[in-house]
Amino acid sequence: MHSTASDGGMAPADLVALVARRGVSRMSLTDHDSMEGIFEAQQAAAALGVTLMPGCELSVRWRNQTIHIVALMPDGAGDALSAGLVQQHEARERRSHEIAARMEKIGLDNAMERAREQATLNGSGDRPLSRPDFARALVEAGLARNLQDAFKRHLGSGQKGDVKAHWPEMEEAVGWVRADGGVAVMAHPMRYKLTRTKRGELLRDFIAAGGEAAELVSGFQNIDRARDLARQLDELGMYASVGSDFHFPGGPLAPGSMSPPPRTKVPPVWCHPRLATFFDAPIATI
Ligand code: AMP
Ligand code: MN
């Protein structure tokens, strides 16, 4: 789940309160390249009886594509991930200037200021900018019909505003997670433009780097695709995670209402030996 520490719409404490209200007892806050919201979320979680796993979602590169890795950190960030997050923060700052320059070329004057204004309207003025901030600025300026259109034509994969040169290689980022005792989870593996074979190559490289799990269900996802992915995770000996990818209230992905995972013998990531105690769950080894 995301909060105003990255491109989400709710402050960490408000998000945890919503989760508690909806009867969800276990969650992870995984803001993009930031753990700035974790302390506030933990305070709220302790008060409301929610078990909150500290985490983040790291932007990385694999074969020149942007890939997201969810880091589940039962002991929080240690030296390796903390240093990594400083690097990610700087990378995101540099990237935002580059995206702004490219957006100015397509007619968005003062792109940086306009995107900053959109971030502020979303409740978070002081974090590094995300692509959705630029997407909203494009819509506001009449240069795109809506967010989807802004991504499709200007900011999505393969478009001008999809600047990825600054992200670290996948191996490096997975190394930070493992060094600090966390579990690295491949985020939304069905959302990348990859064939099944290529997805297998991605997952094998991920495992070689120390990755151990993948999101079997993420946001909206067709159940048949999840079944096929479950077979692939089984073949590879991975744990399965579920991610709502929640960003905003009011949408269809309210906490506790996402599609259930298909029946599978792939063990859930909360039963991973390094996470089970935290979640009060039985240990499952692969
Ligand atoms: P960033 O971390 O700055 O690269 O922005 C990533 C965020 O952009 C994701 O969390 C999504 O919320 C959003 N996003 C990425 N691709 C799309 C898309 N095609 N349509 C709408 N939102 C997108
Ligand atoms: Mn993601």
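The analysis underlying the following values was restricted to heavy atoms, covering all of them including side chains, and did not include hydrogens, waters or symmetry mates. All values derive from a computational prediction rather than experimental measurement. Atoms within each ligand, like the ligands themselves, are counted from 1 in listed order.
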Atoms of ligand 1, numbered as shown, that sit under 4.0 Å from any heavy atom of H247: 10 (O), 12 (O)

Sub-4.0 Å heavy-atom contact, P132 with ligand 1: yes

Candidate with minimal heavy-atom separation from atom 4 (O) of ligand 1, of R92, R131, H2: R131

Within-shell test, D7 vs ligand 1, heavy atom, strictly < 4.0 Å: yes

Presence of N, O or S from H68 under 2.8 Å of the Mn ion (ligand 2): yes

Ligand 1 versus K152: contacting region, heavy-atom distance under 4.0 Å: neither

Presence of salt bridge, R21 and D14, under 4.0 angstrom: no

Beyond-backbone contact of D228 with R225, side-chain heavy atoms, under 4.5 angstrom: no

Pair D7-S130, side-chain donor/acceptor within less than 3.5 Å: no

Element-labelled atoms of ligand 1 that are located less than 4.0 Å from some non-hydrogen atom of Q148: 20 (N), 21 (C)

For atom 10 (O) of ligand 1, the protein heavy atom that lies nearest, with its residue and separation: H32 NE2, 2.9 Å

Protein heavy-atom partner closest to atom 3 (O) of ligand 1 - residue, atom, separation in Å: R95 NH2, 2.4 Å

R196 atom CZ: more than 12 heavy-atom contacts under 6.0 Å: yes

Rounded distance [0.5 Å steps], CG in L229 versus CD1 in I223: 11.0 Å

Side chains of D162 and R131 in contact at under 4.5 Å (non-hydrogen atoms): yes

CD/E140: more than 12 non-hydrogen atoms of other groups inside 6.0 Å: no

Within 6.0 Å of CD in E36, more than 12 heavy atoms from elsewhere: no

N/O/S from E57 sitting under 2.8 Å away from the Mn ion (ligand 2): yes

Shortest protein contact, atom 15 (C) of ligand 1 (heavy atom only): F151 CE2, 3.4 Å

